[in-house]
Visitor: 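After the structure tokens below, expect a handful of questions from me.
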Amino acid sequence: MKKILITGGAGFIGSHVVRRFVNNYPNYQIVNLDKLTYAGNLANLTDVENSPNYRFVKADITDATAMNELFESENFDSVIHLAAESHVDRSITDPTAFVITNVIGTVNLLNAAREYWKGDYNKKRFYHVSTDEVYGALGEEGMFTETTSYDPHSPYSASKASSDHFVRAYHDTYGLDCVISNCSNNYGSHHFPEKLIPLAINNIKNNKPVPVYGKGENVRDWLWVEDHARAIDVIFHQAKTGQTYNIGGHNEWKNIDLINLLCQIMDEKLGREAGESAKLITYVTDRAGHDLRYAIDSTKLQNELDWVPSLQFEEGLAKTVDWYLTNNEWLENVTSGNYQSYYAKQYDNK
Ligand code: NAD
Ligand code: DAU
């Protein structure tokens, strides 16, 4: 029996990781720790919430005392750490929140792991989930590999880069068994509608403008979120200590091309005339410091751990649109602002 702490499990990627581990490893106990910020939503996990090997703990990783007490009482075997402030635009308006959660929160977890595992790191692993944004921006050519130098530009990516450095420092200094993965842009179900794809789906559905930053020429490398969760599973179980893996879809899209494809899919699904949804495209002021292009070279993961992305983008995007159209209530709840009080309050003072 393994007891695994997954942080940020009520968020977009975390909920897919929790679901995968709860369903695929009935002999593991999965403890999902989440603060339930605006981005955390227990409605993402209703299908596993009553599983005997799943438990939710509402807690804040920035609270060092709470983290120490939790590690002392729970005796975790391993940690998969996803909890973070994740939205670049928010980091531009409030960078400090990103330092506190992404840097100090991560260090609190590292300290708790070091303290309570007491140097016995055999089969005790700290897996840190990070982003390709730590590598900065690419021009027209090239891809990020695991040896690309860090060059973060946004406060979000600077905070993630910093947390990656701390994780490596705890491996190198204290011998903690750490692994890190840096992944490209994810898409799929349960994605909070402030990020490009779910925001655009929601706006197109409601006949609202679809904001495209700058000229829409920035490029992102999109990966199906369940493929990311599978990569995390493989790396968690098979990577050698201290290793880093890049995870990506080999699936680069200019934002404007992606939005046009999405508009076509939405026209078909909503029975609109061809070209109707594209009329909603609205060019707006560019994001400050907007990274031009991300592209991940995941050869190391493919060669060493035999992982490949499973889903073609067009199919994944159509599945994603279907999910949002059939889960209207989820979308309305998370955009109404009331859902947190409903879900989070159940766990207050527990
Ligand atoms: P998200 O914003 O959807 O979810 C983050 C979760 O962390 C939420 O449930 C939130 O409540 C929780 N959280 C935030 N602050 C917390 C705190 N102080 N204590 C406890 N819980 C807290 O984010 P996501 O898109 O699912 O990203 C998850 C992780 O993956 C992040 O570390 C992010 O940097 C990384 N990542 C994301 C992407 C992507 O495309 N979304 C790509 C690569 C890496
Ligand atoms: O690359 C991995 C990263 O991908 C993750 O680490 C981040 O947590 C995640 O949020 C994502 O960051 P991006 O900034 O790339 O994602 P976002 O969905 O915010 O934007 C995608 C692209 O679309 C980006 O070039 C900015 C642009 N954009 C975004 C929004 C929200 C628009 O043109 N209009 C918009 O309204």
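Just so it is clear, the structure is predicted and the values come from calculations on it, not from any experiment. First listed ligand is number 1; within each ligand, the first listed atom is number 1. Worth knowing before you read on, the calculation uses all heavy atoms, side chains too, and leaves out hydrogens, waters and symmetry mates.
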Visitor: Considering only protein heavy atoms, which is closest to atom 11 (O) of ligand 1, and at what distance to one decimal place?
Guide: Asp34 OD1, 2.5 Å
Visitor: Do Phe236 and Ile4 make a side-chain contact, defined as non-hydrogen atoms from C-beta onward lying under 4.5 Å apart?
Guide: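 A side-chain contact under 4.5 Å exists here.
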Visitor: Would you mind checking which non-hydrogen protein atom is closest to atom 19 (N) of ligand 1, with the distance to 0.1 Å?
Guide: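 Protein heavy atom with the smallest distance to atom 19 (N) of ligand 1: Ile61 N, 3.0 Å.
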Visitor: Check this for me, if you would: do Glu194 and Arg90 make a salt bridge, where the nitrogen-to-carboxylate-oxygen distance has to be below 4.0 angstrom?
Guide: yes
Visitor: Around atom 32 (O) of ligand 1, find the nearest protein heavy atom and jot down its residue, atom name and distance.
Guide: Lys160 NZ, 2.7 Å
Visitor: Do Asp306 and Leu301 touch side chain to side chain, with heavy atoms closer than 4.5 Å?
Guide: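 Side chain of Asp306 against side chain of Leu301, heavy atoms only: no contact under 4.5 Å found.
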Visitor: Of all the non-hydrogen atoms in the protein, which one sits nearest to atom 4 (O) of ligand 1, and at what distance?
Guide: Gly11 CA, 3.4 Å
Visitor: I'd like to check whether Val212 has a polar contact with ligand 2, where a contact means an N/O of the residue lying under 3.5 Å from an N/O of the ligand.
Guide: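 So ligand 2 has no N or O lying under 3.5 Å from an N or O of Val212.
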Visitor: For atom 2 (O) of ligand 1, grab the closest protein heavy atom and report residue, atom and distance to one decimal in Å.
Guide: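 Looking only at protein heavy atoms, the one closest to atom 2 (O) of ligand 1 is Ser86 OG, 2.7 Å.
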Visitor: Can you list the atoms of ligand 2 that are under 4.0 Å from a heavy atom of Tyr294?
Guide: 1 (O)
Visitor: Using distance alone, decide if ligand 2 has a nitrogen or oxygen within less than 3.5 Å of any nitrogen or oxygen in Tyr213.
Guide: yes
Visitor: With rounding to the nearest 0.5 Å, note down the distance linking NZ in Lys195 to CD1 in Ile201.
Guide: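 Here the interatomic distance stands at 14.0 Å.
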Visitor: Contact between Gly105 and ligand 1, counting heavy atoms under 4.0 Å?
Guide: no
Visitor: Applying a 4.0 Å heavy-atom criterion (strictly less than), which segment of Tyr156 is in contact with ligand 1: side chain, backbone, both, or neither?
Guide: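 It is the side chain that gets close, since no backbone atom is under 4.0 Å.
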Visitor: When you measure from atom 36 (O) of ligand 2 to every protein heavy atom, which one gives the shortest distance, and what is it?
Guide: Leu199 CD2, 3.2 Å
Visitor: Look at atom 44 (C) of ligand 1 and find which of Ser163, Gly8, Ser184, Ser130 reaches it with the closest heavy atom.
Guide: Ser130
Visitor: Could you go through Val17 and Leu82, starting from their C-alpha distance and side-chain angles, then the distance that decides it, and tell me whether this counts as side-chain contact (heavy atoms from CB on, under 4.5 Å)?
Guide: CA-CA 9 Å; Val17 174; Leu82 296 106; 4.3 Å; yes
Visitor: Among all protein non-hydrogen atoms, which one is nearest to atom 27 (C) of ligand 2, and what is the separation to 0.1 Å?
Guide: Asn255 ND2, 3.5 Å
Visitor: With a cut-off of 4.0 Å, which atoms of ligand 2 are near a heavy atom of Tyr156?
Guide: 5 (C), 6 (O), 7 (C), 8 (O)
Visitor: Provide, to 0.1 Å, the distance between atom 34 (N) of ligand 2 and the closest protein heavy atom, together with that atom's residue and name.
Guide: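 That would be Pro211 O, 2.8 Å.
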Visitor: State whether the shortest distance between N or O atoms of Cys183 and N or O atoms of ligand 2 falls below 3.5 angstrom.
Guide: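 Among all N and O atoms of Cys183, none is under 3.5 Å from an N or O of ligand 2.
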Visitor: Quick one: which of Glu133, His191, Arg293, Lys254 has a heavy atom closest to atom 3 (C) of ligand 2?
Guide: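 The residue whose heavy atom sits nearest atom 3 (C) of ligand 2 is Glu133.
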Visitor: Numbering the atoms of ligand 2 from 1, which are under 4.0 Å from a heavy atom of Val88?
Guide: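 By the 4.0 Å cutoff, the relevant atoms are 14 (O).
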Visitor: Could you tell me whether His87 approaches ligand 1 through its side chain, its backbone, both or neither, with non-hydrogen atoms closer than 4.0 Å?
Guide: neither
Visitor: Is the shortest distance from a heavy atom of Thr7 to ligand 1 less than 4.0 Å?
Guide: no
Visitor: Side-chain donor-acceptor pair under 3.5 Å between Asn186 and His228, yes or no?
Guide: yes
Visitor: Looking only at protein heavy atoms, identify the closest one to atom 43 (C) of ligand 1 and say how far it is in Å.
Guide: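 Heavy-atom neighbour on the protein nearest atom 43 (C) of ligand 1: Cys183 O, 3.3 Å.
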Visitor: Check whether Asn203 reaches the backbone of Pro209 with its side chain - one donor and one acceptor, N or O, closer than 3.5 Å.
Guide: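 Side chain of Asn203 to backbone of Pro209: a pair is present.
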Visitor: Just to check, does Ser15 reach to within less than 4.0 Å of ligand 1 when the distance is taken from its heavy atoms?
Guide: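 In this structure, Ser15 fails to qualify as a contact of ligand 1 - no heavy atom is under 4.0 Å.
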Visitor: Are any non-hydrogen side-chain atoms of Trp222 and Ser184 less than 4.5 angstrom apart?
Guide: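 No; the side chains remain at least 4.5 Å from each other.
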Visitor: In sequence, state the C-alpha distance, the side-chain angles, and the governing distance for Ile30 and Tyr25, and then conclude on side-chain contact (heavy atoms from CB on, under 4.5 Å).
Guide: CA-CA 9 Å; Ile30 303 301; Tyr25 301 103; 5.9 Å; no
Visitor: Pairing donors with acceptors under 3.5 angstrom, does anything connect the side chains of Tyr170 and Asn111?
Guide: yes
Visitor: With no hydrogens and no angle check, is any side-chain donor or acceptor of Ser157 less than 3.5 Å from a backbone partner on Ser154?
Guide: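 A pair under 3.5 Å: yes.
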Visitor: State whether Tyr213 and Arg287 meet the cation-pi test: NZ (Lys) or CZ (Arg) under 6.0 Å from the six-membered ring centroid, and within 45° of the perpendicular axis.
Guide: no
Visitor: Find all atoms of ligand 2 within a distance of less than 4.0 Å from any non-hydrogen atom belonging to Ser184, and give their numbers and elements.
Guide: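 In order of number, 1 (O), 2 (C).
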Visitor: Relative to the heavy atoms of Asp132, which atoms of ligand 2 are at a distance of less than 4.0 Å?
Guide: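 Counting from 1, the qualifying ligand atoms are 1 (O), 2 (C).
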Visitor: Kindly identify the option in Glu85, His87, His290 whose heavy atom sits closest to atom 25 (O) of ligand 2.
Guide: His290
Visitor: Any donor-acceptor pair under 3.5 Å linking the side chain of Asn327 with the backbone of Trp330?
Guide: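 No, because the side chain of Asn327 does not come within donor-acceptor range (under 3.5 Å) of the backbone of Trp330.
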Visitor: Would you call the rings of Phe313 and Trp253 parallel, tilted or perpendicular, taking 30° and 60° as the class edges?
Guide: tilted
Visitor: Classify the side-chain pair Asn182/Lys160 by whether it contains a donor and acceptor separated by less than 3.5 Å.
Guide: no
Visitor: In terms of relative ring orientation, are Phe144 and Tyr294 parallel, tilted or perpendicular, with 30° and 60° separating the classes?
Guide: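 The rings of Phe144 and Tyr294 sit tilted, inter-plane angle from 30° to 60°.
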Visitor: Can you report which non-hydrogen protein atom sits closest to atom 20 (C) of ligand 1, along with the distance?
Guide: Lys35 N, 3.2 Å
Visitor: Please enumerate all residues that pass side-chain contact (heavy atoms from CB on, under 4.5 Å) together with Ser181, with sequence neighbours excluded.
Guide: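 Here the qualifying residues are Tyr127, Ile235, Ile247.
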Visitor: With a 4.5 Å limit on heavy-atom distance, are the side chains of Cys178 and Thr241 in contact?
Guide: no
Visitor: Hey, is Lys195 touching ligand 2 through its side chain, its backbone, both or neither, going by heavy atoms under 4.0 Å?
Guide: both
Visitor: Among protein heavy atoms, which lies nearest atom 19 (O) of ligand 2, and at what distance?
Guide: Arg287 NH2, 2.9 Å
Visitor: Apply salt bridge (Lys or Arg N to Asp or Glu O under 4.0 Å) to Asp172 and list each qualifying residue two or more places apart in sequence or on a separate chain.
Guide: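 Listed in chain order: nothing, the list is empty.
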Visitor: At what distance is the nearest protein heavy atom to atom 8 (O) of ligand 2, and which residue and atom is it?
Guide: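 Looking only at protein heavy atoms, the one closest to atom 8 (O) of ligand 2 is Ser86 O, 2.7 Å.
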Visitor: To check your reading of the model: name the closest protein heavy atom to atom 11 (C) of ligand 2, its residue, and the distance in Å.
Guide: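 Result: Asn185 ND2, 3.4 Å.
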Visitor: Who's closest to atom 7 (O) of ligand 1 heavy-atom-wise, of Gly14, Gly188, Ala84?
Guide: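 Of the listed residues, Ala84 has the closest heavy atom.
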Visitor: What are the atoms of ligand 1, with element, lying closer than 4.0 Å to any heavy atom of Leu36?
Guide: 11 (O)
Visitor: So between Asn186, Asn182, Leu196, whose heavy atom ends up nearest atom 21 (C) of ligand 2?
Guide: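 Among Asn186, Asn182, Leu196, the closest heavy atom to atom 21 (C) of ligand 2 belongs to Leu196.
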Visitor: Show the numbers, then the answer: is there a side-chain contact (heavy atoms from CB on, under 4.5 Å) between Glu146 and Gln243?
Guide: CA-CA 9 Å; Glu146 288 80 1; Gln243 289 294 307; over 6 Å; no
Visitor: Show the atoms of ligand 1 that are less than 4.0 angstrom away from any heavy atom in Asp60.
Guide: 17 (C), 18 (N), 19 (N)
Visitor: Counting non-hydrogen protein atoms only, what is the nearest one to atom 25 (O) of ligand 1? Give residue, atom name and distance.
Guide: Phe12 CD2, 3.8 Å
Visitor: Run the numbers for me: atoms of ligand 2, each under 4.0 Å from some heavy atom of Thr131, listed by number.
Guide: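 Heavy-atom distances to Thr131 below 4.0 Å select 1 (O), 2 (C), 3 (C), 5 (C), 6 (O).
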Visitor: Between Arg293 and Glu140, does at least one N-O distance fall below 4.0 Å, as a salt bridge requires?
Guide: no
Visitor: Output the list of atoms in ligand 2 that are nearer than 4.0 Å to some heavy atom of Glu194, sorted by atom number.
Guide: 31 (C)
